[in-house]
Amino acid sequence: MSDTGVTVKKSADFSEWYTEVVLKSGMAEYAPIKGCMILREHSYAVWEKIQEVFNQKIKASGHRNVYFPMFIPESFLKKEAEHFEGFVPEVAWVTEGGSTPLEEKLAIRPTSETIIYATFAKWIRSWRDLPIKINQWCNIVRWETKATKPFLRTREFLWQEGHTAHATCEEAEKEVLDILGEYKNIMESYLAIPVLVGVKTESEKFAGALYTTTLEAMMPDGKALQMGTSHNLGQNFAKVFDITFIGEDEKAHQVWQTSWGISTRLIGALVMVHGDDRGLIMPPKVAPVQAVIVPITYKDTDSTAILAKAKELMEELKAKGIATVLDDRTEYTPGWKFNEWELKGAPVRIEIGPRDLKQNQITLARRDTHQKTTAKMGDAVQAIEKLLEEIQNNLYAQAKTALEEKTTIVQNYDDFKETLKNKGGFIKAAWCGSARCEEKIKEDTGATIRLRPFEKEKPVANCVCCGEKAVEMVYFARSY
Ligand code: 86X
């Protein structure tokens with residue numbers, strides 16, 4: 001196998017396969033800084049698509065984008081001492097400007113609650129100033145000590161963080177769920193990745209929150225991946241940062257807040273869930289290149305007519321909003337181009353060769369199933385639009401089946417441990433609600449409660465750990 005293609009099978013060494021795919025497809029490059037990565041054109045385009053979709057949604061519901069400084073004075077972080085303690089080892093600091101020590105050292109934002117909420121306190125005076133609904137797209141730095149992995153865990157990453165302040169608890173509650181719904185839509189309808197939604201347990205939630213809602217996906221190696229979170233912060237930060245308003249009742253109240261985020265981690269999930277032994281498979285709705293036209297021409301033969309047809313088709317497809325590339329490079333053979341575009345995950349390949357030309361048709365190859373079909377030149381656009389839709393749906397359906405296959409209901413602790421060891425995935429089991437059992441299971445098996453589902457089901461048995469009466473069914477898994 002050449003050094004340009006993927007040399008490791010997804011089923012043979014999942015971790016190696018992943019690294020090869022992100023590097024060789026042109027998504028990412030290691031940076032000359034430990035734990036950091038370069039997002040290249042092919043992944044940044046996916047991020048831009050996510051931004052486009054999410055921006056459109058949140059703006060329609062009255063949110064506005066802003067930008068706060070990336071430097072956070074130490075005293076700000078210390079204001080929420082309780083949550084801060086646990087995060088201290090992950091904070092990167094700026095201590096000098098030029099060669100002059102700073103009077104107060106500055107954190108490079110690990111998240112922006114403190115600087116944003118200190119500002120909210122200045123903006124908010126009366127109920128007329130509410131709600132405030134802002135979002136920022138930015139970079140975040142967390143000095144990870146665990147092993148890093150492109151997209152999934154790097155010391156610097158890109159995300160959006162939304163921050164809102166409301167007059168009532170109900171309004172904040174609705175905001176948390178509205179955003180969770182938008183996240184679910186992006187993950188399922190665009191990235192074609194099915195997710196479970198629910199609430200984190202007390203020990204897994206963000207310490208600054210009343211409760212944390214989460215979206216969790218299943219990776220092919222049986223490990224869960226948190227795809228996004230939306231927190232109801234209650235009045236916790238309002239107390240610390242003194243964010244009060246005079247209500248219509250002319251009395252002082254503290255605001256109710258939410259914060260929420262998704263990150264470039266989503267791109268890692270997309271690679272893991274959809275990729276195969278030939279490389280990436282891009283869901284059409286986020287694919288930077290949705291269709292690639294490869295003219296089947298060879299050296300020393302006249303390709304004028306084929307190229308003319310190819311150009312004509314490209315213009316037609318572009319006019320219909322289909323991201324199309326005509327790969328008319330002469331220095332590569334058609335076969336070489338096929339491999340490269342498969343590696344890059346272009347969902348549809350369009351071939352136009354001498355035979356196609358003669359029959360006034362095109363040959364279409366699907367990236368997901370490798371099926372080949374032909375279409376009359378006059379029906380090309382319609383056929384391609386239909387194919388893109390089918391691929392989008394098929395990728396979701398496949399991922400959904402994989403998620404279901406990797407979800408096991410267990411009744412007792414022996415089955416729990418057996419399943420986790422042999423199969424991994426989500427384990428749905430009855431839980432008594434105690435942190436003690438949750439902790440014991442984590443110690444024994446490495447699995448944590450990923451979420452308590454919104455859709456409640458009656459416990460099928462007693463608590464999988466202690467055997468006492470269970471209060472609910474929850475999802476356990478080992479996770480990234
Ligand atoms: C928690 C909470 C929240 C907005 C989100 O999950 C979505 C977007 N923020 C983030 N968190 C921290 O607060 C935190 C704080 C420090 Cl100082 C740190 F070093 C790491 C952190 N990691 C997560």
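Remember, predicted model here, so these are calculated numbers, not experimental data. Numbers here simply count residues along the sequence, with the first being 1. Atoms within a ligand are numbered from 1 in the order they appear, just like the ligands themselves.
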Atom pair CG (Asp178) and OG1 (Thr164), whose distance is rounded to the nearest 0.5 Å: 10.0 Å
Ring pair (Phe, Tyr, Trp, His ring centres under 6.0 Å) contacts touching residues 220-253 (sequence neighbours left out): His83-Phe237, Tyr117-Phe237, Phe206-His231, Phe245-His253
Contacts of Glu48 that satisfy side-chain contact (heavy atoms from CB on, under 4.5 Å) - sequence neighbours left out: Tyr44, Gln51
Inter-residue atom distance Glu342.CD - Arg278.CZ, 0.5 Å rounding: 4.5 Å
Ring center gap for Trp47 and Trp137 short of 6.0 angstrom: yes
What are the distances between nitrogen or oxygen atoms of ligand 1 and protein nitrogen or oxygen atoms, counting only those under 3.5 Å?
residue: ligand 1; atom: 6 (O); partner: Thr229; partner atom: OG1; Å: 3.2
residue: ligand 1; atom: 6 (O); partner: His231; partner atom: NE2; Å: 2.7
residue: ligand 1; atom: 9 (N); partner: Thr111; partner atom: OG1; Å: 2.9
residue: ligand 1; atom: 9 (N); partner: Glu113; partner atom: OE1; Å: 3.4
residue: ligand 1; atom: 9 (N); partner: Glu113; partner atom: OE2; Å: 2.7
residue: ligand 1; atom: 22 (N); partner: Arg142; partner atom: NE; Å: 3.4
residue: ligand 1; atom: 22 (N); partner: Arg142; partner atom: NH1; Å: 3.4
residue: ligand 1; atom: 22 (N); partner: Arg142; partner atom: NH2; Å: 3.3

All N/O donor-acceptor pairs, side-chain side in residues 441-449, below 3.5 Å, sequence neighbours left out:
residue: Asp444; atom: OD2; partner: Tyr413; partner atom: OH; Å: 2.8
residue: Asp444; atom: OD2; partner: Lys440; partner atom: NZ; Å: 2.8
residue: Thr445; atom: OG1; partner: Ile441; partner atom: O; Å: 2.7
residue: Thr445; atom: OG1; partner: Ala447; partner atom: N; Å: 3.1
residue: Thr448; atom: OG1; partner: Arg450; partner atom: NH1; Å: 2.8

